[in-house]
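We count ligands from 1, going down the list as the structure has it; atoms in each ligand are counted the same way. These figures come from a predicted structure and were not determined experimentally.
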Amino acid sequence: MYEHHVTEAGPDGPIVKPLPADEFRVYGSNAEMRWEVMGEHGYVVPNANFFVRNHTSTPLIDAQTWNLRVFGTGLRGPATPGNPVRFSYQDLLDLPARTVVSSIECAGNGRSFFTTQQDQTMTDTPWQLGAIGVAAWRGVPLSLVLERAGITRQAVDVMPYGLDPAYIVDGIDYGRVRRPIPVSKALDDVILAYEMNGVPLPPDSGYPVRVIVPYWAGIASIKWVGQIEVSATPLVSYWNTHAYRLFGPAYPPQGTPITTQVTRSAFELAPNARLPAHRDYLLTGRSWSGNGPIIRTEISTDGGRRWHEAIPRDRGAPAAWQRWEFPWRTPGPGSHTLRARATDVTGATQPAAVTANTFGYLFDGIVRHPVTTA
Ligand SMILES: Nc1nc2c(c(=O)[nH]1)N[C@H]1C(S)=C(S)[C@@H](COP(=O)(O)O)O[C@H]1N2
Ligand SMILES: [Mo]
């Protein structure tokens with residue numbers, strides 16, 4: 001449906017890795033994973049298939065000369081931007097490491113369905129459901145680095161900055177991509193990751209070091225982190241005051257900042273996939289939620305009249321997805337619409353329709369997936 005937005009990025013484009021047309025849909029500096037590729041893969045998304053969301057372009061950074069600068073009024077000292085506490089790449093490698101299996105998902109994932117299912121016009125990237133990936137991230141707990149940098153009890157916000165080029169739109173320079181994280185979350189389960197699925201982070205995924213904020217919208221997980229501000233007063237940036245905020249008739253005039261992600265499901269099938277008629281066909285897919293584990297996924301193959309529980313293929317990691325399968329006796333030749341509806345540990349279930357917001361974030365509705373049997 002949105003194929004006219006798709007371009008093939010050249011070797012000098014904003015994304016470094018190859019983006020084969022049968023594995024990605026590309027929208028300018030962003031590329032989503034085609035879900036049909038996941039049928040042949042395991043629990044995590046291979047690094048080569050991981051979606052990329054770049055405000056500008058992937059910078060190529062030398063880890064040997066790179067260092068992380070930590071400063072702000074929330075540190076003992078306090079360290080200033082000009083006189084920060086510094087950590088080299090080797091300093092981080094030498095600290096105790098943790099591995100966390102977590103999804104990274106854009107808050108705008110599924111945005112195109114506001115348009116195709118709810119008639120709401122959206123101008124930002126028309127993601128289908130491929131702006132999510134799951135990986136095993138290895139790195140240093142952010143709490144350890146902040147403690148070593150001298151964080152005080154007065155600290156309220158922690159803001160990592162990316163080293164990619166400043167974000168400039170219509171002549172307005174919003175500066176480096178950055179967004180504050182409340183200190184309670186920053187000291188809880190956030191890590192500074194240097195490995196993705198057992199290898200150093202690939203350039204497009206944040207080499208040499210990126211932030212991983214489990215359960216939260218992808219914008220919190222700053223790539224190519226160069227500095228971290230620790231503040232005793234609340235911090236603001238374009239990315240928490242304007243972008244990644246819910247505006248619209250259902251929200252207060254100042255909007256609501258996005259924190260955690262919502263409940264979603266996807267089939268490991270292309271849109272309009274052709275399946276054999278009158279056969280036993282094993283439908284597979286995955287469901288996930290920013291509230292924690294999925295407890296149930298239901299499938300409908302008859303336009304949403306009857307629902308049947310899918311069979312979980314694994315328990316799934318709490319901050320990632322659950323894989324499921326559903327044996328379908330396909331009907332005769334024709335067009336059909338598949339639906340998957342997940343419920344998470346808090347009882348949040350995917351609705352038939354989603355309350356609109358201006359920028360089309362957090363579409364958690366049941367997605368209608370057309371297939372053809374022949
Ligand atoms: N420095 C920097 N960090 C960033 C971004 C960016 O453009 N620059 N994009 C953010 C957004 S909006 C998302 S959804 C995730 C995407 O992570 P990925 O590109 O590894 O999939 O990175 C986040 N971190
Ligand atoms: Mo995003």
Part of Ala107 within contact of ligand 1 (heavy atoms, under 4.0 Å):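 For Ala107, there is no contact with ligand 1 at all, from either part.
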Please list the nearest protein heavy atom to atom 15 (C) of ligand 1 with its residue and the distance rounded to 0.1 Å.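 Result: Gly218 O, 3.6 Å.
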Nearest protein heavy-atom contact for atom 2 (C) of ligand 1: which residue, which atom, what distance?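 Closest protein heavy atom to atom 2 (C) of ligand 1: Asp164 OD2, 3.3 Å.
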If hydrogens are left out, which of Ile222, Ile219, Leu163 has an atom nearest to atom 11 (C) of ligand 1, that is, the closest non-hydrogen atom?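 Looking at heavy atoms only, Ile219 sits closest to atom 11 (C) of ligand 1.
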Is any N or O atom of Phe51, backbone or side chain, closer than 3.5 Å to an N or O atom of ligand 1?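 Yes; at least one N/O pair falls below 3.5 Å.
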Any N or O of Arg210 closer than 3.5 Å to N or O of ligand 1: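 Among all N and O atoms of Arg210, at least one is under 3.5 Å from an N or O of ligand 1.
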Can a salt bridge be assigned to the pair Glu325 and Arg313 using a cut-off of 4.0 Å between side-chain N and carboxylate O?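 A salt bridge links Glu325 with Arg313.
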Is any NZ, NE, NH1 or NH2 atom of the basic residue among Lys17 and Asp204 found under 4.0 Å from an Asp or Glu carboxylate oxygen of the other?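 Looking at Lys17 and Asp204, the cut-off is not met.
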Looking at ligand 1, does Tyr244 have a heavy atom less than 4.0 Å from it?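 Right, Tyr244 reaches ligand 1.
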Check for me whether Gly133 has a heavy atom closer than 4.0 Å to any atom of ligand 1.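 No, Gly133 has no heavy atom closer than 4.0 Å to ligand 1.
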Ring centroid separation His369 to Phe113 under 6.0 Å: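 His369 vs Phe113: aromatic centres not under 6.0 Å.
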Is the ring centre of Trp127 less than 6.0 Å from the ring centre of Tyr27?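 Yes, close enough.
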Can Arg210 be said to sit on top of Trp137's aromatic six-ring, NZ or CZ under 6.0 Å from centre and within 45° of the ring axis?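 Cation-pi check for Arg210 and Trp137: passes.
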Only one of Tyr238, Tyr167, Tyr174, Trp224 clears ring pair (Phe, Tyr, Trp, His ring centres under 6.0 Å) with His55; which?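 Exactly one option meets the ring pair (Phe, Tyr, Trp, His ring centres under 6.0 Å) with His55, and it is Tyr167.
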